[in-house]
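Quick notes on the structure that follows.
Every chain is numbered from 1, with letters handed out A, B, ... down the list of sequences.
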Protein chains: 2
Amino acid sequence: MALKQGYSMQDCSLARTLELVGERWTMLVIRDAFYGVRRYSDFLAHLDIPRAVLSTRLRTLTDSGVLARQRYEVSPPRDEYVLTDKGRALWPALFALLMWGQVHASGATAVRRYYAHAACGERLAPDGGCPSCEVAAVPPADIEIHPAPGSGARQDPVSRALMRPHRLLERLETDA
Amino acid sequence: MALKQGYSMQDCSLARTLELVGERWTMLVIRDAFYGVRRYSDFLAHLDIPRAVLSTRLRTLTDSGVLARQRYEVSPPRDEYVLTDKGRALWPALFALLMWGQVHASGATAVRRYYAHAACGERLAPDGGCPSCEVAAVPPADIEIHPAPGSGARQDPVSRALMRPHRLLERLETDA
DNA sequence: GTCTTCAGTTCATTCAACGAACCTAGGAGT
DNA sequence: ACTCCTAGGTTCGTTGAATGAACTGAAGAC
């Protein structure tokens, strides 16, 4: 976000937070990371983000410890970007924004994916808990994302992979 | 945020949400509104935001129904900006970002205000609930914000008013 | 009639976002 | 050996938003 020299209120932790995750595109990158997107070209195709911006965001997020870059193939050498603990801790904030958007900012044609507790299959409550189990805050690793019924608009590999229910944080296989 | 024509993923409700509340400064304006800031000049002094940007943000937020503009004084005519129901529904997302920031993005000198359930005085849990009462999600109107101990750095009227504990959403009196 | 406050608007400058083109490393096919 | 292909970037000219200082206008107050 750092235009000029960033928010001048350097004593405020919200300003610091937004300096990092409040930049344009950053939250969408993080959401895709929760969905299991890990590769540069998958972020690129799914978000339709300028390459230069994606490079900048991935570097900022890895530098600040939200994402980590890991070698997952030796020949040819390929790295992937995965959420760290610090990054996974953003789930409550991301989910809250998601829920607010579904209620207050979705247009007529908006996709409404939904999120279910993998242990019982129940849809998550708006506060991120499971209404049938006694789990107040379901961790992202225990959440399954389900596609919106009847959505087939986008045709990039990530959107196609998300047509099937998928566990959050698990690598999304885009070449099947 | 709308650079060029905004995020191209118009079918996604998170993208729509960020198009509205994800712009630079917007979340800080909304946080101040929860703190009880209502007047143009108070936002201006507390956030140290360029006037033109503040004007644009306030217009966008009122146009989209997050804030409402209300006449609170007839002579001289003065309007104030207050959160609507739609705006107050952003509290879980804002609180989650706040908590993430306090844990993962606060520097050595960062102010750590804290939030307490007004009914019992207990500090809120990181998930926004009250640990002693059985309240899972304390609504903002029942929350008291407490100043960080030993913080006296900023000297604008809003910062001074926040040196005393204060109920969220209640108008902050800045001329006492 | 002048001063002050509040709430803006205007404007030149700076800097990030955009998008297309280019670049590099490492296979794969022939 | 030469060419093609893919993944993951970088470079660069153009567009447009953020910045900060100056200006405007309305309504009391002195």
Every protein N/O within reach of nucleotides 25-30 of chain D N/O, cut-off under 3.5 Å:
residue: D/dG28; atom: OP1; partner: B/Ser75; partner atom: OG; Å: 2.2

Send over the distance from A/Leu54 CG to C/dA20 C1', rounded to a whole Å. 16 Å
Under the side-chain contact (heavy atoms from CB on, under 4.5 Å) test, residues paired with B/Arg51 that sit two or more places apart: B/Tyr40, B/Leu44
Atom CD of B/Glu80 to atom C1' of C/dT5: distance rounded to whole Å? 17 Å
Can you measure B/Tyr40 atom OH to C/dT5 atom C1' for me and round it to whole angstrom units? 14 Å
Please work out if B/Phe43 contacts a base, only the sugar-phosphate, or nothing of the nucleic acid, heavy-atom cut-off 4.0 Å. nothing
Would you mind reading off the distance between A/Arg57 atom CZ and C/dC18 atom C1', rounded to a whole angstrom? 12 Å
Out of C/dC18, D/dT10, D/dA7, which has the shortest distance to the side chain of A/Ser41? D/dA7
Distance-only criterion, 3.5 Å: show the donor-acceptor pairs between side-chain atoms of residues 122-146 of chain A and protein atoms not counting sequence neighbours.
residue: A/Asp127; atom: OD1; partner: A/Gly129; partner atom: N; Å: 3.0
residue: A/Glu144; atom: OE1; partner: A/His146; partner atom: NE2; Å: 3.3

Contact list please: residues 61-73 of chain A against DNA chain C, heavy atoms, distance less than 4.0 Å, in numerical order. none
Please tell me if the side chains of A/Leu83 and A/Phe34 come closer than 4.5 Å, counting only heavy atoms from C-beta onward. yes
Any B/Arg38 side-chain N or O less than 4.0 Å from OP1/OP2 of C/dC6: no
Whole angstrom is fine here: how far is it from CD1 in B/Ile49 over to C1' in C/dG8? 13 Å
Taking the nucleotide of DNA chain C with the closest heavy atom to each, which residue, B/Arg39 or B/Thr56, is nearer the 5' end? B/Arg39
Quickly work out the A/Arg51 CZ to C/dA21 P distance and round it to whole Å. 13 Å
Partners passing salt bridge (charged side-chain N to carboxylate O under 4.0 Å, His left out) against B/Arg59 (at least two apart in sequence or in another chain): none
With a 4.0 Å limit, can you tell me whether B/Arg24 has a side-chain N or O closer than that to the phosphate oxygens OP1/OP2 of C/dA17? no
What pair of heavy atoms forms the shortest contact from B/Pro92 to A/Ala96, and how long is it? C-CB, 3.9 Å
Where the side chain of B/Tyr81 is defined as all heavy atoms beyond and including C-beta, which of C/dG8, D/dT19, D/dT10 is the nearest nucleotide? C/dG8
For B/Asp63 and B/Thr60, what are the C-alpha separation, side-chain angles and deciding distance, and is it a side chain to side chain donor-acceptor pair (under 3.5 Å)? CA-CA 5 Å; B/Asp63 286 354; B/Thr60 304; 6.0 Å; no
Contact check, side chains of A/Arg31 and B/Cys12, non-hydrogen atoms, under 4.5 Å: yes
Side chains of B/Arg38 and B/Tyr81: closer than 4.5 Å at any heavy-atom pair? no
Can you check whether A/Trp25 has a side-chain N or O nearer than 4.0 Å to OP1 or OP2 of C/dA16? no
Distance check needed: D/dG9 C1' versus A/Asp42 CG, whole Å only. 15 Å
Which one, D/dT19, C/dA7, C/dA17, comes nearest to the side chain of B/Pro50? D/dT19
Kindly say if B/Ser55 contacts the phosphate of C/dT9, meaning a side-chain N or O under 4.0 Å from OP1 or OP2. yes
Could you state the atom-to-atom distance from CG of A/Leu44 to P of C/dG19 in whole Å? 11 Å
Kindly write out the residues that satisfy side-chain contact (heavy atoms from CB on, under 4.5 Å) with A/Met99, not counting sequence neighbours, or none if the list is empty. A/Phe95, A/Gln102, A/Tyr115
Regarding A/Glu80 and A/Arg171, does a basic nitrogen lie under 4.0 Å from an acidic carboxylate oxygen? yes
